[in-house]
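Beneath this line is the structure, given in structure tokens, with notes to follow.
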Amino acid sequence: MKNSGFWVRMFMPDGDPDGLKTVEKSNWSGLGLLIPRPLYPNASGRKECSSPGVYLLVGPSSDSQMQQIYVGEGDPVRERLNKHIKEKDFWTTAVVFTSLSQGLNKAHIQYLEARLLELSKQAKKCVIDNGNSPQRPSLSEPDEAQAEAFLENTLLCLSALGYSFFQIPSAGGSSVADYVLNGRGIQAKGYVSSAGFVVRSGSYAAKTQTDSLHGYLSELRASLILQGVLAEKGEKYELIQDYEFGSPSTAAGVMLGRVSNGRADWKTEDGKTLGAVEEGKVTS
């Protein structure tokens with residue numbers, strides 16, 4: 001069944017595209033607030049920060065190509081963020097989600113915090129700053145359904161803001177065309193996704209990399225090895241889960257350990273390149 005369309009609306013209260021942003025979604029009572037760290041002292045007085053909610057701190061990691069995140073909850077959120085301003089240096093942006101209808105209680109936001117951490121650990125697209133893993137609180141069946149619905153909309157808004165740390169690729173079915181990558185003694189399989197390119201679990205990556213490999217790709221390989229996404233298997237690395245890369249070339253470069261044009265190197269079983277397949281679908 002085809003998914004229904006929806007809108008996501010962003011508003012810049014200060015008139016600055018790099019400043020504060022609020023984000024809303026159709027048919028949802030939630031509200032997101034993105035706060036650049038330098039603007040937090042003024043933003044802390046907003047109603048979103050005085051409400052119960054779940055939040056995400058985002059910033060660069062000191063030892064990984066991936067970004068670092070911290071997931072938390074607060075009732076109100078402001079008390080927790082005030083503490084993080086003093087005690088956590090890594091973050092550059094905070095993203096807060098609350099309910100316009102005041103429909104989130106303490107158990108709901110604790111559930112949302114636990115679920116976001118679960119998803120981030122499964123997706124392995126970031127470095128997690130949290131020192132512990134809170135357990136989901138016990139909720140009634142209706143309350144859990146309400147929290148899961150809020151989570152689904154939160155994830156859609158995070159993706160609209162450019163944060164895909166929690167997105168796990170859906171399994172490509174028989175209708176998804178697989179492409180094969182061969183070279184440097186390895187073979188990998190994957191498929192095109194709306195956000196880039198997904199390499200399938202069980203694919204192999206070269207153990208070594210060439211000197212000409214871009215620094216970004218080299219660091220990304222190192223991060224995936226550190227996260228356990230690429231596991232050593234003899235003279236190769238094995239991908240232990242489906243993993244979504246930002247582009248076919250990034251996916252191919254990581255797996256081959258060398259510079260790659262993904263639209264030329266990913267091919268169908270009968271030898272057509274990804275680029276040729278894409279061009280063939282364009283109507284003149």
Side-chain angles (χ1 to χ4, degrees), residues 1-4 6 8 23 25 28 30 32 54-58 61 64-73 95 97 110-130 132-136 144-145 147-179 181 188-205 220-231 237-248 250-252 254-255 262 266:
M1 189 168 83
K2 186 178 180 180
N3 292 331
S4 300
F6 60 90
V8 173
V23 57
K25 178 187 169 293
W28 185 44
V54 65
Y55 61 88
L56 177 69
L57 304 179
V58 185
S61 170
S64 172
Q65 176 64 36
M66 297 177 178
Q67 287 190 291
Q68 187 165 325
I69 71 165
Y70 178 91
V71 180
E73 53 83 15
V95 189
F97 285 94
Q110 288 177 334
Y111 182 93
L112 291 169
E113 175 193 37
R115 288 286 285 121
L116 285 170
L117 279 169
E118 288 173 12
L119 291 172
S120 63
K121 290 178 180 179
Q122 292 171 25
K124 293 181 169 56
K125 292 185 175 181
C126 59
V127 176
I128 302 170
D129 187 68
N130 295 68
N132 54 33
S133 299
Q135 298 298 308
R136 300 186 203 178
E144 183 172 328
E148 283 290 333
F150 193 93
L151 174 66
E152 181 180 355
N153 287 305
T154 297
L155 293 174
L156 288 171
C157 288
L158 282 168
S159 290
L161 289 169
Y163 299 123
S164 59
F165 309 120
F166 312 99
Q167 300 296 338
I168 300 168
S170 56
S174 58
S175 61
V176 177
D178 257 349
Y179 292 87
L181 178 73
K189 290 187 177 182
Y191 58 93
V192 177
S193 67
S194 58
F197 194 91
V198 177
V199 181
R200 291 190 184 274
S201 171
S203 294
Y204 288 100
L220 180 55
R221 273 172 59 93
S223 295
L224 293 176
I225 293 167
L226 184 64
Q227 292 268 32
V229 178
L230 288 174
Y237 287 115
E238 182 178 4
L239 194 71
I240 62 146
Q241 66 183 67
D242 287 3
Y243 198 85
E244 188 170 44
F245 294 89
S247 71
T250 298
V254 166
M255 303 306 287
W266 288 104

Close side-chain approach of L56 and L116, heavy atoms under 4.5 Å: no
Got a second to check how far S201's OG is from D242's CG, nearest 0.5 Å? 6.0 Å
Answer yes or no: is there a side-chain heavy-atom contact under 4.5 Å between Y243 and R200? no
Okay, side chain of N130, backbone of V71: is any donor-acceptor separation there less than 3.5 Å? yes
Within the 4.5 Å heavy-atom criterion, are Q241 and K124 side-chain neighbours or not? yes
Can you name the closest pair of heavy atoms from G72 and V54 and give their distance? O-CG2, 3.2 Å
Stepwise side-chain contact (heavy atoms from CB on, under 4.5 Å) test for V127 and S64: CA-CA 8 Å; V127 176; S64 172; 3.7 Å; yes
Taking the side chain as every heavy atom from C-beta outward, state whether Y237 and I225 have any pair of such atoms under 4.5 Å apart. yes
Minimum side-chain heavy-atom gap T250-P248 below 4.5 Å: no
Atom pair CG/CD of L220 and Q227 - distance to nearest 0.5 Å: 10.5 Å
For side-chain contact (heavy atoms from CB on, under 4.5 Å), just list the numbers for L119 and L151, CA-CA rounded to whole Å, side-chain angles, deciding distance to a tenth of an Å, and then say yes or no. CA-CA 11 Å; L119 291 172; L151 174 66; 4.3 Å; yes
Yes or no on side-chain contact (heavy atoms from CB on, under 4.5 Å) for K125 and E244, after CA distance, side-chain angles and deciding distance? CA-CA 9 Å; K125 292 185 175 181; E244 188 170 44; 3.5 Å; yes
Apply side chain to side chain donor-acceptor pair (under 3.5 Å) to the pair Q65 and S223, showing each step before the final yes or no. CA-CA 6 Å; Q65 176 64 36; S223 295; over 6 Å; no
Check whether any side-chain heavy atom of F245 lies under 4.5 Å from a side-chain heavy atom of V254, and answer yes or no. yes
Could you check F97, Y111, W28 and say which one makes a ring pair (Phe, Tyr, Trp, His ring centres under 6.0 Å) with F150? W28
Without placing hydrogens or testing angles, list every side-chain donor-acceptor pair under 3.5 Å for residues 156-168, not counting sequence neighbours.
| residue | atom | partner | partner atom | Å |
| --- | --- | --- | --- | --- |
| S159 | OG | L155 | O | 3.2 |
| S159 | OG | Q167 | NE2 | 3.1 |

Within this structure, what is the CE-SG distance for the pair M66 and C126, rounded to the nearest 0.5 Å? 8.0 Å
Using only atom types and a distance under 3.5 Å, with no angle test, would you say the side chain of W266 pairs donor to acceptor with the backbone of G190? no
Given 3.5 Å as the limit, does a donor-acceptor pair link the side chain of R136 with the main chain of A114, or not? no
Within the structure provided, determine whether S193 and V198 are in side-chain contact (heavy-atom separation under 4.5 Å). yes
Is a side-chain N or O of Q68 found less than 3.5 angstrom from the main chain of L57, in a donor-acceptor match? no
Between L112 and E73, is there a side-chain heavy-atom distance shorter than 4.5 Å? no
For F6, does the six-membered ring have the charged nitrogen or CZ of K25 within the cation-pi criterion, i.e. under 6.0 angstrom from the centroid and within 45° of the normal? yes
D129 side chain to I69 backbone, donor-acceptor under 3.5 Å: no
For K189, is there any backbone N or O sitting under 3.5 Å from a side-chain donor or acceptor partner on S203? yes
By side chain to side chain contact (heavy atoms under 4.5 Å, CB included), which residues pair with V192, not counting sequence neighbours? Y179, F197, L274
Any side-chain to backbone donor/acceptor pair from Q110 onto Q135? Under 3.5 Å, distance only. no
